[in-house]
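Before any comments, here is the structure.
These numbers come from the heavy atoms of this one structure, side chains and all, not from hydrogens, waters or symmetry mates. So that the names make sense, note that chain A is the first sequence line, chain B the second, and so on, each numbered from 1.
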Number of protein chains: 2
Amino acid sequence: MSAGTAPFPAPHRRNLALEAVQSLREQIISGALAPGSALAEPTLARQFGVSRAPVREALIELEREGLVQFETTGRTRVRTLTEADFREIMEARVALESMAASRAAQHWGAEDSAYLMENIAAQSQAPTLSELSRLDVELHAHIMERSGNQRLLRLWQSIRWQFEMCLALTHRVQKALECTPRDITVNSHRRLLQALASGKPELAARTMASHIENSMEWSASETSTSEHPLGLAMETFLRR
Amino acid sequence: MSAGTAPFPAPHRRNLALEAVQSLREQIISGALAPGSALAEPTLARQFGVSRAPVREALIELEREGLVQFETTGRTRVRTLTEADFREIMEARVALESMAASRAAQHWGAEDSAYLMENIAAQSQAPTLSELSRLDVELHAHIMERSGNQRLLRLWQSIRWQFEMCLALTHRVQKALECTPRDITVNSHRRLLQALASGKPELAARTMASHIENSMEWSASETSTSEHPLGLAMETFLRR
DNA sequence: CTTGGTAAAACTGTCGACACTTGTATCATG
DNA sequence: CATGATACAAGTGTCGACAGTTTTACCAAG
């Protein structure tokens, strides 16, 4: 709520386009639209019962979110994420979220602590993997909002869905909840909350960075090349 | 050149749209299109001699770059940047560029040092303010590219033009080259180069952060509220 | 001279159409 | 049976049009 910055009102443009974005995003992340699938405007337009114009805008938005890819011919495909992509995303998250944590620690309030505590409690009882990571992402979204920096928030939002796609990909390999050491995650979030509530920007930033880095430690699989699609790479990793 | 990440090929989409983006961007940054100006699709389409479709895509891109704002009615205006916006942008730059510097320091090569040295030399002899800041931005762009992280680069590019708009706004107030302590800037860039070439990620990141923070030190004008458009605020600042 | 209301102008969101390009299936040929 | 040319289907980039809504211009009334 930092005064002075016009709150970047969520562009009210794109009405039918927005619905298409949400539907396609969900399908891509859930895997219903597999990586590499072609996304043709006329086909999608027929599916949604709209004309090509809104579909076209939706595809532009999804490209911006990194979920689809334009080829030089103009064709659109669902993006295939590799392990290297995953590392890039996590690195970008560290950059954005550390800064956000640092600023959030300066405005931190009791309500914020309460929100995080509630979220963490829910995580420790989440029945499914997707529920667990939904809560996880929401916790981080809250911190980004509390940074008070609309730009930071916007930048983060533009990689958020790629991150969720990575999460979903690994979930499809892990499947069972037991694979995720939930206690470790919960403890890490508790430390993060402590750092934020301490009001020390430096500490908050450092804690956030190591929180994110730890959360991806399993990805240290170090296959020969990192160009494998994420799903496959994870399978080979878990099979060892 | 980190292998494994599809190099986010500059979307080949938007052909007429791309021209419109470049033209409008230039006009907005140069001030030919003043902050607050209305950008109506039919008008722009007539001006560019194209239909509304490419213009519409261009406006979406400019909104994403933060140069333009959609109102709830769907109308589009040139964004008015305030001092608070400027601080947000610099904070986001610190987040992204510190991380990039850290990674760039790990891949740093002699060619990179050579490029920076040449750039810095050119800066010390730049004849105009806009030439000086063009070089400045290009130096930072080079570092972002050398981070090897396509996502970091892309995020940076999506605030780059807002930053350039801020620079141009202050330039219009400063006007004369003498107002900018050029030696300080050049020295700061030399220290930055040294840190990058040292190969120490931590040092590079810290140096980048303080470089950016120092470069905006003059903005510590601290007017009563920070909601003033940047140009006006700068005028009142310099008038004291 | 201000104010309130109405008519005209302009703009946005969306649609269907067309030219040109790309991908694909078919078919004749070596 | 492989191969290369060829016709066909499908897709992209762009355009003009229309309905509904917002803004502006204008005029009457206080």
Side-chain angles (χ1 to χ4, degrees), chain A residues 6 8-25 27-28 32-80, chain B residues 6 8-25 27-28 32-80:
Chain A
F8 251 126
H12 230 304
R13 226 162 209 204
R14 293 170 280 169
N15 237 336
L16 293 185
L18 187 57
E19 290 177 41
V21 165
Q22 289 167 341
S23 169
L24 287 172
R25 194 156 55 198
Q27 291 182 60
I28 291 173
L33 281 169
S37 309
L39 296 176
E41 291 172 9
T43 311
L44 296 175
R46 273 191 300 275
Q47 274 174 23
F48 290 116
V50 301
S51 83
R52 276 179 54 209
V55 169
R56 199 175 163 80
E57 290 190 11
L59 291 179
I60 291 176
E61 170 65 17
L62 291 171
E63 196 278 338
R64 161 185 143 76
E65 293 177 4
L67 297 185
V68 307
Q69 206 169 198
F70 293 148
E71 301 178 350
T72 49
T73 59
R75 303 254 140 100
T76 310
R77 321 191 80 89
V78 177
R79 191 134 204 265
T80 302
Chain B
F8 253 125
H12 227 305
R13 223 158 211 206
R14 292 170 281 167
N15 237 336
L16 292 185
L18 187 57
E19 291 177 42
V21 166
Q22 289 168 341
S23 169
L24 286 172
R25 193 156 56 196
Q27 290 182 60
I28 292 173
L33 281 169
S37 309
L39 296 177
E41 290 171 12
T43 311
L44 296 175
R46 273 191 300 275
Q47 273 174 23
F48 289 117
V50 300
S51 84
R52 277 179 54 209
V55 169
R56 200 175 163 80
E57 290 191 11
L59 290 179
I60 292 177
E61 170 64 18
L62 290 170
E63 197 276 340
R64 160 185 143 77
E65 293 177 4
L67 297 186
V68 137
Q69 206 169 198
F70 293 149
E71 302 178 349
T72 49
T73 59
R75 303 264 140 105
T76 310
R77 322 191 79 90
V78 177
R79 191 135 203 265
T80 302

Practice task
Examine the base of dG11(D) for any acceptor or donor lying under 3.5 Å from a partner atom in the side chain of Arg52(A), and report the outcome as yes or no.
Solution key: no
Problem - Atom-pair distance (CG on Leu16(B); P on dT12(D)), nearest Å - result: 17 Å
Completion exercise
Separation of dT14(D) atom C1' from Leu44(B) atom CG, nearest Å, is 17 Å
Problem - Atom pair CG (Leu24(A)) and CG (Leu67(A)), whose distance is rounded to the nearest 0.5 Å - result: 9.5 Å
Problem - Selected nucleotide, minimal atom distance to Thr73(A) side chain, candidates dC15(C), dC15(D), dT22(C) - result: dT22(C)
Practice task
From the options dG11(D), dC15(C), dG16(D), select the nucleotide whose nearest atom is closest to the side chain of Arg75(A).
Solution key: dG11(D)
Exercise for the section: Could you state the atom-to-atom distance from CD of Glu41(A) to P of dT22(C) in whole Å? Expected result: 15 Å
Practice task
Report yes if at least one side-chain N or O of Arg56(A) is closer than 4.0 Å to OP1 or OP2 of dG13(D); otherwise report no.
Solution key: yes
Exercise for the section: Please report, rounded to the nearest Å, how far the P atom of dT12(C) is from the CD atom of Glu57(B). Expected result: 15 Å
Exercise for the section: Run the salt-bridge test on Glu63(B) and Arg79(B) with the 4.0 Å N-O cut-off and return the result as yes or no. Expected result: no
Completion exercise
The nucleotide from dG16(D), dT12(D), dC11(C) with an atom nearest the side chain of Ser51(B) is dG16(D)
Practice task
To the nearest Å, give me how far apart CD (Glu71(B)) and C1' (dG13(C)) are.
Solution key: 16 Å
Completion exercise
Value for CZ (Arg52(B)) from CZ (Arg46(B)), rounded to nearest 0.5 Å, stands at 11.0 Å
Exercise for the section: Grab the CZ-C1' distance between Arg46(A) and dA10(D) for me, whole Å please. Expected result: 9 Å
Handout entry: Among dT14(C), dT14(D), dT23(D), the nucleotide that comes nearest once only the side chain of Asn15(A) is considered
Key = dT14(C)
Problem - Residue-phosphate contact under 4.0 Å: Thr43(B) side-chain N/O, dC11(C) OP1/OP2 - result: yes
Exercise for the section: Using modelled atom types only, decide if a donor and an acceptor are shared between the side chain of Arg77(A) and the backbone of Gly36(A) within a distance under 3.5 Å. Expected result: yes
Fill in the blank from the handout: Residues in residues 32-40 of chain B with a heavy atom under 4.0 Å of DNA chain D, by number, are none
Practice task
Quickly work out the Gln47(A) CD to dG11(D) P distance and round it to whole Å.
Solution key: 11 Å
Problem - Under 3.5 Å: donor-acceptor pair, side chain of Ser23(A), backbone of Ala20(A) - result: no
Exercise for the section: Kindly compute the distance separating CG (Leu16(B)) from CD (Glu57(B)), expressed to the nearest 0.5 Å. Expected result: 10.0 Å
Fill in the blank from the handout: Of the candidates dT12(D), dG13(C), dC15(C), the side chain of Pro54(A) sits closest to dC15(C)
Handout entry: Arg56(B) side, atom CZ; Thr76(B) side, atom OG1 - distance, nearest 0.5 Å
Key = 8.5 Å
